[in-house]
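Notes follow the structure.
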Amino acid sequence: MEKVQGEMEIERWERSEELSDAEKKVIQETWSRVYMNCEDVGVSILIRFFVKFPSAKQYFSQFKHMEDPLEMERTPQLRKHARRVMGAVNTVVENINDSEKVSSVLALVGKAHALKHKVEPVYFKFFTGVMLEVIAEEYANDFTPEVQRAWTKVKSLIYTHVTAAYKEVGWVQYPNSTM
């Protein structure tokens with residue numbers, strides 16, 4: 001079942017806390033283990049995302065009518081998108097010490113999703129939350145409270161930069177939108 005948080009939650013997400021050097025190191029260390037299995041983890045994240053937020057499938061013509069997660073998992077399009085998503089996160093993590101590069105990469109992602117794909121920006125909030133859930137479950141031994149705090153900041157950083165790109169291109173949310 002889909003959950004849509006209220007305005008207060010969204011406003012809180014729009015602020016991004018700075019990552020300390022130690023947190024950046026923790027992010028890169030945990031991500032290196034995750035990225036070794038990038039396609040499988042990416043597929044797990046996307047499947048969970050579509051199960052929790054089925055309305056997100058509307059943006060994917062290849063499997064928007066599929067109900068069975070196993071059927072979705074087998075589609076080459078889902079696997080390809082999983083690799084693309086994980087590649088973008090990898091670029092962010094690899095460049096975590098270069099705020100301009102991170103901002104640039106996430107601006108490209110945001111603009112493409114706003115202008116070309118017309119994806120509601122709130123889906124990035126949902127997606128990054130699911131991403132953390134899956135990583136925390138699949139790498140539970142690595143996901144200490146310290147690691148969780150650092151990744152929560154990365155989640156916020158991604159959402160903040162992506163939504164800034166939406167605002168930059170003049171994205172307007174309409175009252176009767178999908179959310």
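Values below: every heavy atom of this structure, side chains too, minus hydrogens, waters and symmetry copies. Just so it is clear, the structure is predicted and the values come from calculations on it, not from any experiment.
Considering only residues two or more places apart in sequence or on other chains, K64 meets the salt bridge (charged side-chain N to carboxylate O under 4.0 Å, His left out) condition with none of them.
No donor-acceptor distance shorter than 3.5 angstrom exists from the side chain of E71 to the backbone of D68, with no hydrogens or angles considered. K57 places a side-chain N or O within donor-acceptor distance of the main-chain N or O of M66, the cut-off being under 3.5 Å. Not one N or O on the side chain of H81 forms a donor-acceptor pair closer than 3.5 Å with the backbone of Q77. With hydrogens and angles disregarded, no donor-acceptor distance shorter than 3.5 Å links the side chain of S103 to the backbone of S99. Checked by atom type and distance alone, the side chain of N37 never pairs as donor or acceptor with a backbone atom of D40 at under 3.5 Å. Formation of a donor-acceptor pair under 3.5 Å by the K153 side chain with backbone atoms of E18 is found in this model. In this structure, Q28 contributes its side chain and K25 its backbone to no donor-acceptor pair below 3.5 Å.
Salt-bridge check for K52 with E133: passed, with a basic side-chain N closer than 4.0 Å to an acidic carboxylate O. Salt bridge E39/R84: absent, no basic N to carboxylate O contact under 4.0 Å. At a threshold of 4.0 Å, the pair K111-E168 counts as salt-bridged, since one of the basic side-chain nitrogens sits closer than that to a carboxylate oxygen.
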Might you work through the ring-ring contact (aromatic ring centres under 6.0 Å, His included) test for F127 and F124, ending with a clear yes or no?
CA-CA 5 Å; F127 178 81; F124 280 91; 7.5 Å; no
Test log, rule side-chain contact (heavy atoms from CB on, under 4.5 Å), inputs T30 and Y139
CA-CA 8 Å; T30 54; Y139 298 87; over 6 Å; no
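Using a 4.5 Å heavy-atom threshold, the side chains of T91 and V102 count as separate.
Below 30°, between 30° and 60°, or above 60°: for F50 and F60 the angle between ring planes is above 60°, a perpendicular geometry.
A donor-acceptor contact under 3.5 angstrom links the side chains of S44 and E138, judged on distance only.
In terms of heavy-atom proximity, A150 sits nearest to L19 at O-CD2, 3.7 Å.
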